[in-house]
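One structure is given here, and the rest of the page talks about it.
Worth knowing before you read on, the calculation uses all heavy atoms, side chains too, and leaves out hydrogens, waters and symmetry mates.
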Amino acid sequence: QVQLVESGGGLVQAGGSLRLSCAASGRTSSRYAMGWFRQAPGEEREFVAAINWSGGSTYYSDSVKGRFTVSRDNAKNTVYLQMNSLKPQDTAVYYCAAGSSIGLGTTDRWYDYWGQGTQVTVSS
């Protein structure tokens, strides 16, 4: 079992930045790829970014490419999502997830463990 706890969400003005963190505990000796997803009110959860175990491979949705950066510090069992140039349409609950399959997943079903989410609100 792996427990994931997100933090770093909050209220920010459009054009601002936030950095989300996802701390993992439990069976962290396994090599998990990590993903970030978000869900806005009334919308389905959508993929945002993913990073492989070593951090050498990343993947982003088109809506955040060039603005968001995913990274990880395996010594701290923590994954980060640096969000720059935020827009009101980035407002959502952001979730991190861990997956043990090979590669990088962009769908919910690829991931085995989920955090509880952290709210990000971008005002115009």
R45 NZ/CZ over Y95 ring centroid, <6.0 Å and within 45° of normal: yes
Salt bridge present between D62 and K65 (N-O < 4.0 angstrom): yes
Is it the case that one hydrophobic cluster holds both W36 and V2, taking links as side-chain heavy atoms less than 4.5 Å apart, direct or via other members? yes
Rounded to the nearest 0.5 Å, how far apart are CZ of F47 and CG of D108? 11.0 Å
So which atom in A50 and which in G105 form the shortest heavy-atom distance, rounded to 0.1 Å? CB-O, 4.0 Å
Evaluate the ring planes of Y94 and F68, with Trp represented by its six-membered ring, and classify them as parallel (under 30°), tilted (30 to 60°) or perpendicular (over 60°). tilted
To the nearest 0.5 Å, atom OG1 of T106 lies from atom OH of Y59 at 6.5 Å
Nearest heavy-atom pair of G9 and V120: which atoms, and what distance? CA-CG2, 4.1 Å
Nearest non-hydrogen partners of A33 and G103, listed with the distance: CB-O, 3.8 Å
Just by distance, no angles: are the side chains of D73 and T78 close enough, under 3.5 Å, to form a donor-acceptor pair? no
Donor-acceptor pair, side chain of E6 and main chain of C96, under 3.5 angstrom: yes
I'd like to check K87 versus R67 (side-chain heavy atoms, cut-off strictly below 4.5 Å). Are they in contact? yes
N74 side-chain N/O to N77 backbone N/O, donor-acceptor pair under 3.5 Å: no
Side-chain contact test, heavy atoms from C-beta onward, threshold under 4.5 Å: evaluate it for Q1 versus R27 and give yes or no. no
Student check: side-chain heavy atoms of R72 and M34 closer than 4.5 Å: yes
Please answer whether the main-chain N or O of S17 pairs with a side-chain N or O of N84 as donor and acceptor at a distance below 3.5 Å. no
Can you find a pair of side-chain heavy atoms, one from R19 and one from L81, that are under 4.5 Å apart? no
Just verifying a value: how many Å separate S101 OG and Y32 OH, rounded to the nearest 0.5 Å? 10.5 Å
Under 4.5 Å between side-chain heavy atoms, counting indirect links through other Ile/Leu/Val/Met/Phe/Trp/Tyr residues: same cluster for V48 and L18 or not? yes
Check L104 against S57 and note the closest heavy-atom contact, atom names and distance. CD1-OG, 3.5 Å
Between S123 and L11, the two heavy atoms sitting closest are CB-CD1, 4.3 Å
Are Y111 and F37 near enough that their ring centres are under 6.0 Å apart? yes
Can you check whether V122's main-chain N or O pairs, donor with acceptor, with T91's side chain at less than 3.5 Å? yes
Rounded to the nearest 0.5 Å, what separation is found between the OG atom of S124 and the CD atom of Q13? 9.5 Å
Gap separating the CE atom of M83 from the CZ atom of R38, nearest 0.5 angstrom: 9.0 Å
Nearest 0.5 Å, please: how far is OG in S100 from CH2 in W53? 12.5 Å
Side chains of V79 and I51: does their closest heavy-atom pair fall under 4.5 Å? yes
In the single-linkage hydrophobic clustering (I, L, V, M, F, W, Y; side-chain heavy atoms under 4.5 Å), do Y113 and V93 co-cluster? no
